[in-house]
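Notes follow the structure.
Residue numbers start from 1 in every chain, and the chains themselves are labelled A, B, ... in the order their sequence lines are given, proteins ahead of strands.
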Protein chains: 2
Amino acid sequence: MELTLPGLDPTSDRPVFKQIADHLREAIERKDLAPGAKVPSEATLMTHYGVARMTVRSALQLLQGEGLTVAEHGRGVFVRSRPPVRRLASDRFARRHRDRGKAAFIAETEEAGGKPSVDSIQISEADASSDVAKRLGLTTRDKVLVRSRRYLINGHPVETAVSYLPAAIAGGTRIAEPDTGPGGIYARLEEMGYRLDHFDEEIKARMPLREEVKALRLAPGTPVFHLVRTAFAEDGMAVEVCDTVMSSDAYVLSYQLPAR
Amino acid sequence: MELTLPGLDPTSDRPVFKQIADHLREAIERKDLAPGAKVPSEATLMTHYGVARMTVRSALQLLQGEGLTVAEHGRGVFVRSRPPVRRLASDRFARRHRDRGKAAFIAETEEAGGKPSVDSIQISEADASSDVAKRLGLTTRDKVLVRSRRYLINGHPVETAVSYLPAAIAGGTRIAEPDTGPGGIYARLEEMGYRLDHFDEEIKARMPLREEVKALRLAPGTPVFHLVRTAFAEDGMAVEVCDTVMSSDAYVLSYQLPAR
DNA sequence: ATCCCAGACTCGTCTAGAGGAGTCAAGTGC
DNA sequence: GCACTTGACTCCTCTAGACGAGTCTGGGAT
């Protein structure tokens, strides 16, 4: 497969680096540059277009910012190949799944043929932040149990999560242990008599913070989903808030809405 | 408010432009640079840090890519102030809302005190793409009615949407008119006997394509939600697929999941 | 008082270099 | 045969300029 790029249009008032980016972007969209393929090197593009190094780099930077390419130091620039995505169905926390004795993440990942793992588990107790307090119906003077962890598939991190539970409920229970046991937090809550009724999920999309780029090993130009889930017991009380950040190219979220 | 930036750390092996970006990012996070505030000019930063123009620009570019700042040609670089967001509740298509005679978007926006409008309405008939055909249970030889439009709040575009309906159902009806009448597409479908049962929504987050940046007037570093909704009638038939792209900083999506 | 324009200041694009560091493969020496 | 060195190739960081174009303000002409 020979890649041929058009020349520059000197009559256009579109900046040169954008024109170059356009050519490459089109080649990627046409699959002339397939996912994983190597983009022509900076030197090649310089001579092809007869422009300075920085001009070519600006073009490549643009594509990287759009999430279309990744640069690998010493190797080249490559068309990004999207990892297989995980679909999160809206029944993922249904009791029938939980009853099988596995936490939602573990069960789903194995079903999809991946190797799930969890690391960086940290547990502490702290004052509720004002946002968490509001969601849990507490005050900022109330203590909450904070469980943070990172989820990985086949060794690659895809999601970080921090759960907040009223310390009055979860303190001293197995929920405060690193291993929460079969079925995870939600199974423990139900055993303790907090029968779960429903979850509220709030979803934002944004560019990641620096820590998130590191924790999720995100390529430049990858946005994240920021999802805050609140679990409600049957008596209407909020029993958990889970704040998760997910790599957007590892997930498709899926929900069912009633029409009536 | 006087902004004071630290000097460079010559012992650090972190590149200079990243150090400069760090300083500015921290100032923004600390609110020393409040939303809407002007970031020191390139010239100022050059002399403060004693570096070349391109180095300063790289730092600013980084922040822009993170969605933290916007540059305005001739005026300066400013800390981005987020527009008020619209919350999309999971009952937004419930019949009780539709019965009030307004389409979901119009009703919701007015309720929030904004001025909704719709433009760029285009209607055509075409062969179903393979994706749309699959979702609607058709073949690629079947015709679909294609309705595309753009939604604006207070004159600012926030969302583009393209609906696909089987031409066999919607062709020649009011759904094929620019003005679909009170309650919108879904009200017409119900009048025609397709009582709606539920919707499936699939959500991705990604960086926008070039056209999307233009259509939604997106600032650099703003990801989009890409949402595909399929409407199902009570007999289980898919009657509409709606493909929408939304500016991520205009929306928070909100869903309710059952726990049982 | 008003209008217009020049100049200062801003960011945008581009050039033409430099040295650094990671990757890979071919060739060298053992 | 194996380990190591070397060099070519890659992207990364940074310098020091040039010109262009949008914005704003103050001063001069009307």
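Considering all non-hydrogen atoms of both residues, B:Gln19 and B:Arg14 come closest at NE2-O, 2.9 Å. Pairing each heavy atom of A:Thr244 with each of A:Ala161, the nearest pair is CG2-CB, 3.8 Å.
Note: NZ (B:Lys38) to C1' (C:dT10) measures 7 Å, nearest angstrom. Rounded to an integer number of Å, the gap from A:Glu42 CD to C:dA16 C1' is 15 Å.
No side-chain heavy atom of A:Leu68 sits under 4.5 Å from any side-chain heavy atom of A:Arg80.
A salt bridge links A:Asp22 to B:Arg210: at least one charged side-chain nitrogen sits closer than 4.0 Å to a carboxylate oxygen. A salt bridge links B:Glu202 with B:Arg135: at least one charged nitrogen is closer than 4.0 Å to a carboxylate oxygen.
Ring-plane geometry between A:Tyr151 and A:Phe105 is classed as tilted, the angle between the planes lying from 30 to 60 degrees on a 0 to 90 degree scale.
Between C:dT10 and B:Ser41, a contact under 4.0 Å exists linking OP1 or OP2 to a side-chain N or O.
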Atom pairs, N/O to N/O, protein against nucleotides 22-24 of chain D, distance under 3.5 Å?
from, atom 1, to, atom 2, distance (Å)
D:dG22, N2, B:Gly74, O, 3.0
D:dT23, O4', B:Gly74, O, 3.3
D:dC24, OP1, B:Arg75, NH1, 2.9

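In the region residues 44-64 of chain B, proximity to DNA chain C at under 4.0 angstrom, judged on heavy atoms, holds for B:Arg53, B:Met54, B:Arg57.
Within the structure, ring-ring contact (aromatic ring centres under 6.0 Å, His included) contacts touching residues 3-24 of chain A (residues at least two apart or in different chains) are A:His23-A:Tyr49.
Side chains of B:Arg149 and B:Ser163: a donor on one and an acceptor on the other come within 3.5 Å.
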